[in-house]
Number of protein chains: 2
Amino acid sequence: MDDVIARLECAARLEELQSIIETLRDHYAVDDMVYHWVSSTGEQYGCGTYDPNWVTRYLERGYLRIDPVVIGCYQRFHPVDWKRLDWSGKAARAFMQDASEHGVGNQGYSIPIRGPNGQFALFTVSHTCDDDEWESFTELNRRDLILLAHYFNQTALNLEPGRKPEATQPLSPREVETMTLLAVGYSRAQVAETLSISEHTLRVYIESARFKLGALNTTHAVARAMARGQIVV
Amino acid sequence: MDDVIARLECAARLEELQSIIETLRDHYAVDDMVYHWVSSTGEQYGCGTYDPNWVTRYLERGYLRIDPVVIGCYQRFHPVDWKRLDWSGKAARAFMQDASEHGVGNQGYSIPIRGPNGQFALFTVSHTCDDDEWESFTELNRRDLILLAHYFNQTALNLEPGRKPEATQPLSPREVETMTLLAVGYSRAQVAETLSISEHTLRVYIESARFKLGALNTTHAVARAMARGQIVV
DNA sequence: TTTTGCCTCGCCAGAATTGGGGAGTTGGAA
DNA sequence: TTCCAACTCCCCAATTCTGGCGAGGCAAAA
């Protein structure tokens, strides 16, 4: 565990995660272990020990939007045993059938993990065994798995290319107030009244904020300010 | 550690967290330990060992939007030492000054943690000591702290009352596309063209999304969709 | 001292958004 | 089968936003 975390912390390339996760799989003596970055725009990144055919099939068929594990974890915070998910529904059943035909175990435990800007990933352990055995496995290793999920995600985020700092021009206090109030639904007139300034002055703030944020319109400016953490809503 | 987690897992009321965090503070022999749920609509919940005057002052003065710890953690995934944050800027300096006058230690370590629907919280340890001592403390206890942050947040989410009613109405695929394109700066006309639908149809999506999100206008809707993680920009 | 950034205010006209109607198809779930 | 949610399209009028013009005070930095 300790040396795995050390390896994760000093990994310099995403490819290293693959061998680390294989080591872990062997260490915990389970069938499969997977980390995957879940994104609406196709899989950003994933590593693990699933059959490559299954991974391909999963992506091709858009199982991301069907998989009860993904759907369920997206709404939860705590790690979840696959048994406790909602497998009713035709699509889910078919998916489960297909998965087991591709070698996915009957037991599973998935840990949702989230990063800045809505980043979302899953760390999953899967195995074939009876319920009691699985229960004791997850009980015993829950904390390890949570930590592993954390460190895997940390490494993936660090190594993700699109993480460039992108010198964000700081907003002035008034601009921050303006963007914040707009983000919580105030109209321009209301913001102006709230800040006790003329609506025209307000416009100046919006425009300068838009300029600083490189935004095309007010909505864009607010979205960017939020995404960059320049306002907290 | 083990019994603390056990207490966290079986806590039935938020108030119990306060005594748990005091126990932890004593156990780790640090000046302060705090868990707080970060939200613009006033502090949703917080517990910890800070001077109550400081907490009140923090809220009254809207330090949430100034505090470099909050701003910094909001953009990061990994735990962060306060020294590594950006303390330049007049407001940040004044804040730091004010904080230290209210008994906040010179050292600090904060762990950002995120839940579904854009929930965001911080788990913080603060102390007064020299850099070396602090360095070894954080090195030694990082994993414990990460786990504690996780379990505190899990408990807070479970006990949070406002978690039951229609958590979040999911957006339809078209609505997600619409919100996403608006968030990246497209005008309505451009979005309609991009999606190959009439602008009138587009309006229906915006309005239904706005309704589902409980938003007052388009900008608000986009902001909420982002904050809740329903769209990723 | 000059410059620079921030905060403040006004007017006008065109462009875009919003709110209120109504209506038809389709595919999946009950 | 029936029902519902999602997707598609249309009109009109009121409101709001945007873009371009210009202007002064103040405080900190260069």
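Chain A is the first sequence line, chain B the second, and so forth, proteins listed ahead of strands; every chain is numbered from 1.
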Which part of the nucleic acid does A:T218 contact within heavy-atom distance under 4.0 Å: base, sugar-phosphate only, or nothing?
-> sugar-phosphate

Could you label the plane-to-plane angle of the B:Y58 and B:Y63 rings as parallel, tilted or perpendicular, counting under 30° as parallel and over 60° as perpendicular?
-> perpendicular

Measure the distance from CZ on A:R210 to P on D:dC17 and round it to the nearest whole Å.
-> 12 Å

How many Å lie between NE2 on A:H220 and C1' on C:dT17, as a whole number?
-> 18 Å

Lys/Arg-Asp/Glu bridge criterion (N-O < 4.0 Å) met for A:E177, A:R174 = yes

Under the ring pair (Phe, Tyr, Trp, His ring centres under 6.0 Å) rule, collect the residues that match up with B:Y109, sequence neighbours excluded.
-> none

Whole angstrom is fine here: how far is it from OH in A:Y205 over to P in D:dG19?
-> 19 Å

For the rings on B:H150 and A:F77, is their centre-to-centre separation under 6.0 Å?
-> yes

From CD1 of B:I206 across to P of D:dC7 the rounded distance in Å is 14 Å

For nucleotides 11-16 of chain D, list the nitrogen or oxygen atoms of the protein found under 3.5 Å from its nitrogen or oxygen atoms, one pair per line.
none

Does the pair A:E175/A:R210 count as a salt bridge with the N-to-O cut at 4.0 Å?
-> no

Could you give the CD-to-P distance, from A:E193 to C:dC9, as a whole number of Å?
-> 13 Å

Walking DNA chain C from its 5' end, the first of A:V204 and A:L171 to be reached, judged by nearest nucleotide, is A:L171

Between B:R93 (CZ) and D:dA28 (P), how many Å, whole number?
-> 15 Å

Using a cut-off of less than 4.0 Å, is there contact between a side-chain N or O of A:K212 and OP1 or OP2 of C:dG5?
-> no

Should B:T201 be listed as having a side-chain N or O under 4.0 Å from OP1 or OP2 of D:dT8?
-> no

Please check the phosphate of C:dT8 (OP1 and OP2 only) for any side-chain N or O of A:S198 closer than 4.0 Å.
-> no

Of B:N217 and B:E175, the one whose nearest nucleotide on DNA chain D sits closer to the 5' end is B:E175

Of D:dT8, C:dC7, D:dG19, the nucleotide closest to the side chain of A:E207 is D:dG19

Between A:A91 and B:L216, name the one whose nearest nucleotide on DNA chain C is closer to the 5' end.
-> B:L216

Begin with the C-alpha distance, continue with both residues' side-chain angles, and end with the deciding distance and a verdict on side chain to side chain contact (heavy atoms under 4.5 Å, CB included) for A:F123 and A:I21.
-> CA-CA 10 Å; A:F123 187 76; A:I21 209 164; 4.1 Å; yes

NA contact type, A:S172, heavy-atom cut-off 4.0 Å: base, sugar-phosphate, or nothing?
-> sugar-phosphate

Here the distance between atom C1' of C:dA16 and atom CG of B:L202, to the nearest Å, is 13 Å

Side chain of B:I197: nearest nucleotide among D:dT8, D:dT18, C:dC6?
-> D:dT8

Could you tell me how the ring of A:Y45 sits relative to the ring of A:Y35: parallel (under 30°), tilted (30 to 60°) or perpendicular (over 60°)?
-> tilted

